[in-house]
Amino acid sequence: MTSSRRKLVAGNWKMNGLTASMAELVEMCDANPSNCDVLVCPPFPLIGRFVGSAGNSHIEIGAQDCHTAESGAHTGDVSAALLKDVGASAVIVGHSERRADHGESSALIKAKAEAAHANGLTAIVCIGETEAQRDAGNAETLVTAQMRESLPSGATAANTVVAYEPVWAIGTGRTPTTEQIAAMHSALRAALVADLGDEGNGIRLLYGGSVKPNNAAEIFAIDDVDGGLIGGASLKAADFLGIVNAA
Ligand code: 13P
């Protein structure tokens, strides 16, 4: 049932990297892994250069956010149309750091994902609970509801990826147990299939939060985990390739 979903390992560089970081991307592209789909999402100013550098490899380049509008008076924002124009193939929307730092709501994230689709970009929609919410004992219910509020209309297996990232596991070195990840991904899959039928069965569900070369294989082997969204360990080619090779 799950075999049709090719794994995806996506690197989210967040606000890290300078032009010199191109050397890490070059090393990743030289290795040119083909066992799974690979995406690297650097900060906006590096996207064009990264697209050029990755051109002859299987590695695709994405962004970390987009605006809902096509263009206009939105100082400091970047449109999905421009991301597409400079060669990005995907955009992360709704990362918990944007929800927290910029007060982004699920309704806004849904609109951003729809703008991504309108411009031919894959939307990687992030969801996840805080530690307090997990401790309260209703993480699956809460995250499933967050996914339903954030998913764009017209979501398909080809244009949408969901990334489950427990906020308390991001950058902390702590990961949920295998059972906790399995329970969450199974609840999310059930909701996707209930809402979208067979299409929901094809949408990839990534896990993110302290994925490292030494725990990636165990996490990627969990049912309904279709790859990972990697933060810190995506900045160095050796670490990222170690994770990619585990997929
Ligand atoms: P870390 O891999 O650094 O925990 O970050 C995960 C993340 O937020 C990816 O989007």
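Atoms within each ligand, like the ligands themselves, are counted from 1 in listed order.
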- Message: Assess the residue pair K112 and E104 against the criterion (salt bridge (charged side-chain N to carboxylate O under 4.0 Å, His left out)); give the C-alpha distance rounded to whole Å, side-chain angles, the decisive distance to 0.1 Å, and a yes or no.
- Response: CA-CA 10 Å; K112 288 184 174 199; E104 294 193 2; 2.7 Å; yes
- Any N or O on N12 sitting closer than 3.5 Å to an N or O of ligand 1? yes
- Task: Please lay out, stage by stage, how E165 and S96 fare under the test side chain to side chain donor-acceptor pair (under 3.5 Å).
- Result: CA-CA 8 Å; E165 299 202 301; S96 60; 5.2 Å; no
- Between W13 and F50, does a ring pair (Phe, Tyr, Trp, His ring centres under 6.0 Å) hold up when you go through it step by step? CA-CA 12 Å; W13 279 28; F50 274 38; 5.3 Å; yes
- Just distances here: any N/O of I170 and N/O of ligand 1 closer than 3.5 Å? no
- Give the C-alpha distance, both sets of side-chain angles, the deciding distance and a yes or no for side chain to side chain donor-acceptor pair (under 3.5 Å) between T156 and N159. CA-CA 5 Å; T156 67; N159 67 19; 3.2 Å; yes
- Quick note on ligand 1: atoms under 4.0 Å from a heavy atom of L229 include exactly 9 (C), 10 (O)
- Query: N/O to N/O below 3.5 Å, does that happen between G171 and ligand 1?
  - Reply: yes
- Kindly identify the option in G231, S234, G128 whose heavy atom sits closest to atom 2 (O) of ligand 1. G231
- Message: Looking at E97 and K14, is any side-chain nitrogen of the basic one under 4.0 Å from a carboxylate oxygen of the acidic one?
- Response: yes
- Query: Please state which protein non-hydrogen atom is closest to atom 3 (O) of ligand 1 and give its distance, to 0.1 Å?
  - Reply: G232 N, 2.8 Å
- Give yes if a backbone or side-chain nitrogen or oxygen of V211 is under 3.5 Å from a nitrogen or oxygen of ligand 1, and no if not. no
- Message: Taking only non-hydrogen atoms of G209, do any sit less than 4.0 angstrom from ligand 1?
- Response: yes
- Task: State, yes or no, whether a side-chain contact exists between V162 and I127 at a heavy-atom distance under 4.5 Å.
- Result: yes
- Could you go through the side chain to side chain donor-acceptor pair (under 3.5 Å) check for E129 and Y164 one step at a time? CA-CA 9 Å; E129 81 284 1; Y164 166 56; 2.9 Å; yes
- Task: Before signing off on this row, confirm whether E97 and ligand 1 have an N or O atom pair separated by under 3.5 Å.
- Result: no
- Message: List ligand 1 atoms under 4.0 Å from S210, heavy atoms only on the residue side.
- Response: 1 (P), 2 (O), 4 (O)
- D37 with R204: basic N within carboxylate O range, under 4.0 Å: yes
- Message: Taking D223 first and then R189, would you say they form a salt bridge - that is, a charged N and a carboxylate O separated by under 4.0 Å?
- Response: no
- Below 3.5 angstrom, do we get any N/O pair linking T172 and ligand 1? no
- Query: A169: heavy atom below 4.0 Å from ligand 1, yes or no?
  - Reply: yes
- Judged by heavy atoms only, the candidate from K212, E165, Q64, R174 nearest atom 9 (C) of ligand 1 is E165
